[in-house]
Structures are given as C-alpha cells and as structure tokens.
Amino acid sequence: MGEMPVGVMYRCDTAPEQLPAYARLVERLGYDELWIVEDCFFGGAVSGAAVAAAVTERLRIGIGILPAAFRNPALAAMELANLARLFPGRILPGFGHGMPAWVRQVGAAHPSPLAVLEETVAAVRALLAGKRVTVAGRHARLDEVALEFPPEQPPPISTGVRAERSLRLSGRVADGTILAEGASPAYVRWARGLIDEGRREAGRTDDHRLTVYAHLDFDEARASARREFAAQLAHGWALPPADADLADEIAGMLTTTTGAGSASRATGTSAWAATGPATGAVALAAALPEHYLDRFTAAGTAEQCAASVIRLREASADAVVFVPPRDAQLAVAQITLAAETLLPMIRAVTTR
C-alpha cells in the first residue's frame with residue numbers, strides 16, 4: 001500500500017504556550033506530522049504553524065483548517081509563502097468553509113460558501129505558484145497581484161470539507177482533502193469517489209492526498225472515545241449517506257438520551273470539538289454500541305487501533321491524524337504509548 005504518514009493534532013482548546021513542548025514531543029516520538037487547528041476563537045493556526053515548525057527539524061506541520069471567508073487570498077498566500085520558504089516541504093495548509101455561526105459572528109458570511117472556498121483556493125494556489133493573478137469573483141477580487149517571494153516549492157493546498165458538492169469542489173481545485181473526526185471507512189470511500197468526480201471534471205491527473213482525522217483513545221476501556229463521539233453526535237453532527245444504515249439507530253439513541261429528534265446529513269464541520277459535551281452526551285456515550293467505536297474512531301488496544309487505521313487506509317485514506325483526548329496529561333500519555341506500540345504496527349502494514 002505504500003508508506004502512510006501518521007500525525008497528531010494539537011487541539012484548539014489547548015493553551016498556545018504548550019505548543020512548543022508538544023511539537024518537540026511529537027517529533028521525538030516519531031510521528032510524521034503535527035496538525036494545528038484553527039477554530040474561533042482560539043489560537044491562530046498560521047502563527048501556531050510557524051512556532052511548531054521553528055522548534056522542530058523534520059516534522060511536517062498541517063494547518064487544518066483556515067476558514068476561507070476570514071482571509072483575503074493575497075494575505076493568505078503571503079503568510080503561506082513565508083512558511084513554505086522558511087520550512088520547505090514541511091507545510092501542509094488547509095482551507096475550509098468554517099462554522100457558519102462563527103462566520104456570521106465575525107461578519108464574514110457570504111451567500112455562497114462554495115464560491116468563497118473555490119475562489120480562495122484557486123487564487124492562493126496560483127499566487128504560491130508565482131503567477132500574477134487577476135480575478136473578479138464573488139468573493140476574491142485581485143488586480144494584477146503577484147508575490148515578491150513565492151516559494152520554490154509551493155505547498156499543496158487541501159480543503160477541509162464534508163458534503164457532496166464541497167468534496168467535488170475539492171477534487172477540482174485543491175491538492176488534497178481533509179476529513180474531520182468521525183469518518184468511517186465507508187465515508188472515506190464515498191468521499192474519494194466524489195473527489196475523483198471533481199478531478200475528472202477538471203481534467204486533473206495529479207495526486208490528491210486524502211487526510212483523515214481520527215479520535216485516538218489508546219486504552220482498552222475506550223472511555224474517552226465514547227465521550228468524544230457521543231459529544232460529536234449530541235452537538236448535531238450527522239451521518240453522510242455512506243453511513244445511512246445507522247441513521248435510525250442513532251436517531252433513536254439521540255431521542256432517548258438527549259431529546260434530539262433525528263440524525264440528518266452533515267453539511268459542515270461540527271462545533272463539538274471546541275465546545276465540549278452537550279446535554280445528554282454522558283447518557284449517549286453509555287448507550288453507544290462497541291461497533292460504533294470500531295467504525296468511527298481509533299480506540300482500544302493497540303490491535304484495535306491499528307485495525308481501525310488499516311481499514312481507513314484500505315478505504316483510500318493517504319494519511320491519518322490522531323485526535324488525542326481532551327485532557328492534556330492523558331493526551332501526552334496516550335500519544336507516547338501509541339508511538340511505542342501502535343506506530344510500529346501501522347508501519348509494518350502500510351510500508352509493504
């Protein structure tokens with residue numbers, strides 16, 4: 001299958017002053033990547049990526065994701081060009097729609113989030129490639145703009161998206177796609193199919209990296225993964241068509257434990273990661289069948305976690321990023337143990 005990068009997320013709800021030590025630890029443990037999250041109103045991902053890259057030597061730094069509506073494409077390209085020149089080959093930027101409520105809260109709402117994302121990614125990619133860009137779009141408006149210091153090696157731009165039209169868009173305009181926590185192997189396959197449709201529409205034949213975030217709970221009891229996934233469901237995250245076979249069961253559990261009435265399709269990144277457990281999430285966590293954890297997380301023993309990662313790989317994931325537990329001490333303990341036993345198991349399979 002070829003070597004698969006394995007990364008770790010730096011959670012947005014962790015204080016920024018802890019980032020340098022965490023980045024050094026992740027590199028020392030042998031992970032390939034560290035992903036910096038940008039959620040409102042936590043730390044900025046561009047400055048966080050600069051810090052993480054500066055205190056490490058080989059670690060690739062992912063930015064997952066920059067809300068496209070928040071940034072002028074020229075300024076975004078300037079920032080990413082700096083990072084790409086200072087840390088060549090180590091920066092993996094991502095753009096996305098952003099949470100609609102947050103986008104409205106900062107006055108950046110737009111009637112067409114798809115246009116915002118497409119125009120931003122297209123303009124940033126062109127600028128990083130050293131082109132002079134003029135565009136008069138619905139969101140992006142640039143007049144003969146060119147970077148004075150474009151990188152010799154432009155970083156690949158991914159989009160962090162979930163829904164059908166956005167996945168096709170990612171295939172057309174981006175170099176990769178980031179799938180958020182809760183992606184099952186069935187969803188990964190479904191997403192890859194839509195991405196490939198977009199690539200065919202655009203006549204693209206280059207590589208397209210599919211990065212998948214996965215809850216990590218390196219503990220046989222899997223209590224943290226239960227809480228995380230239950231909070232995700234309780235906050236309104238819903239199933240894509242690829243997992244529709246569970247819709248009625250999840251709707252029933254939500255009704256019983258949280259009072260929510262249904263589980264509908266997801267249309268964007270959910271807010272659960274930033275806001276913590278919702279009402280009823282504890283009861284929902286207790287009600288979750290074990291096979292949900294196998295399907296939607298990387299949780300349990302080393303063998304169970306490795307099996308989950310391999311299933312994602314077989315479903316066409318190119319890279320997996322572990323999302324550790326919320327508790328900072330537990331997170332450090334788990335990524336350390338996982339590096340010692342889980343990473344070798346994954347690499348023994350994915351490097352064949």
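Not measured: the values here are computed from a predicted model. Only this structure's heavy atoms are used, side chains among them; waters, hydrogens and symmetry mates stay out.
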Using a strict threshold of under 4.0 Å (side-chain N to carboxylate O), is an ion pair present between Glu57 and Arg28?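 A salt bridge is absent here (no side-chain N lies under 4.0 Å from a carboxylate O).
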Ionic contact status for Arg295 with Asp245, cut-off 4.0 Å: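 Answer for the salt bridge query: yes.
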Using modelled atom types and a 3.5 Å cut-off, is there a donor and acceptor pairing between side-chain atoms of [X] and backbone atoms of [Y]?
X      : Y      : result
Glu38  : Ala45  : yes
Arg192 : Ser316 : yes
Asp217 : Ala223 : yes
Ser170 : Ser166 : no
Gln304 : Thr301 : yes
Glu27  : Thr56  : no
Arg85  : Pro150 : yes
Ser308 : Thr297 : yes
Arg125 : Ile157 : no
Glu181 : His215 : no

For the atom pair [atom1] ([X]) and [atom2] ([Y]), what is the distance rounded to the nearest 0.5 Å?
X      : Y      : atom1 : atom2 : answer
Ser158 : Arg209 : OG    : CZ    : 6.5 Å
Leu114 : His139 : CG    : NE2   : 13.0 Å
Cys12  : Phe42  : SG    : CZ    : 4.5 Å
Leu179 : Thr159 : CG    : OG1   : 9.0 Å
Leu80  : Leu92  : CG    : CG    : 11.0 Å
Gln334 : Asp327 : CD    : CG    : 9.5 Å

Heavy-atom side-chain contact between [X] and [Y] under 4.5 Å:
X      : Y      : result
Leu342 : Val6   : no
Val26  : Phe322 : no
Arg168 : Glu164 : yes
Arg311 : Asp294 : yes
Leu169 : Val161 : no
Met4   : Ile346 : yes
Leu29  : Val8   : no
Leu66  : Thr120 : no

Can you confirm whether more than 12 heavy atoms, excluding those of [X], are under 6.0 Å from its [atom1] atom?
X      : atom1 : answer
Glu17  : CD    : yes
Asp248 : CG    : no
Glu220 : CD    : no
Asp207 : CG    : no
Phe41  : CZ    : yes

Quick one: do Arg226 and Glu290 satisfy side-chain contact (heavy atoms from CB on, under 4.5 Å)? Show the steps, please. CA-CA 9 Å; Arg226 282 185 168 280; Glu290 290 294 314; 2.4 Å; yes
Could you go through the side-chain hydrogen bond (donor to acceptor under 3.5 Å, both in side chains) check for Thr134 and Glu144 one step at a time? CA-CA 5 Å; Thr134 295; Glu144 291 291 304; 3.1 Å; yes
Tyr187 six-ring centre to Arg162 NZ/CZ under 6.0 Å and within 45° of normal: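 Yes, a cation-pi geometry holds between Arg162 and Tyr187.
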Do [X] and [Y] share a hydrophobic cluster (ILVMFWY, side-chain heavy atoms under 4.5 Å, transitive)?
X      : Y      : answer
Val51  : Leu59  : yes
Val55  : Leu19  : no
Leu343 : Met345 : no
Val116 : Phe95  : no
Val309 : Leu293 : no

Minimum-distance pair of heavy atoms, taken over all atoms of [X] and [Y]:
X      : Y      : result
Trp237 : Gly182 : CZ2-O, 3.6 Å
Arg60  : Gly89  : CD-O, 3.8 Å
Ala74  : Leu127 : CA-CD1, 3.9 Å
Pro240 : Trp190 : CB-CZ3, 4.2 Å
Leu34  : Met9   : CD1-C, 4.3 Å
Asp32  : Arg58  : CA-NH1, 4.1 Å

Could you go step by step and tell me if Phe70 and Val106 meet the side-chain contact (heavy atoms from CB on, under 4.5 Å) rule? CA-CA 8 Å; Phe70 286 15; Val106 299; 3.4 Å; yes
Before you tell me yes or no, could you show the steps for Arg204 and Asp175 under salt bridge (Lys or Arg N to Asp or Glu O under 4.0 Å), namely the whole-Å CA-CA distance, both residues' side-chain angles and the distance that decides it to 0.1 Å? CA-CA 10 Å; Arg204 297 189 63 166; Asp175 305 302; 3.2 Å; yes
Test side-chain contact (heavy atoms from CB on, under 4.5 Å) on Glu148 and Met78; report intermediate values, then the result. CA-CA 9 Å; Glu148 293 294 334; Met78 290 164 57; over 6 Å; no
Please work out which of the three classes, parallel, tilted or perpendicular, describes the rings of Tyr213 and Trp35, given edges at 30° and 60°.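 Perpendicular, since the angle between the ring planes exceeds 60°.
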Show the numbers, then the answer: is there a side-chain contact (heavy atoms from CB on, under 4.5 Å) between Ile61 and Phe87? CA-CA 9 Å; Ile61 309 299; Phe87 311 105; over 6 Å; no
Apply the side chain to side chain contact (heavy atoms under 4.5 Å, CB included) test between Thr177 and each candidate in Ile195, Thr211, Asp318; give the one that qualifies.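 Per the side chain to side chain contact (heavy atoms under 4.5 Å, CB included) rule, the option paired with Thr177 is Ile195, out of Ile195, Thr211, Asp318.
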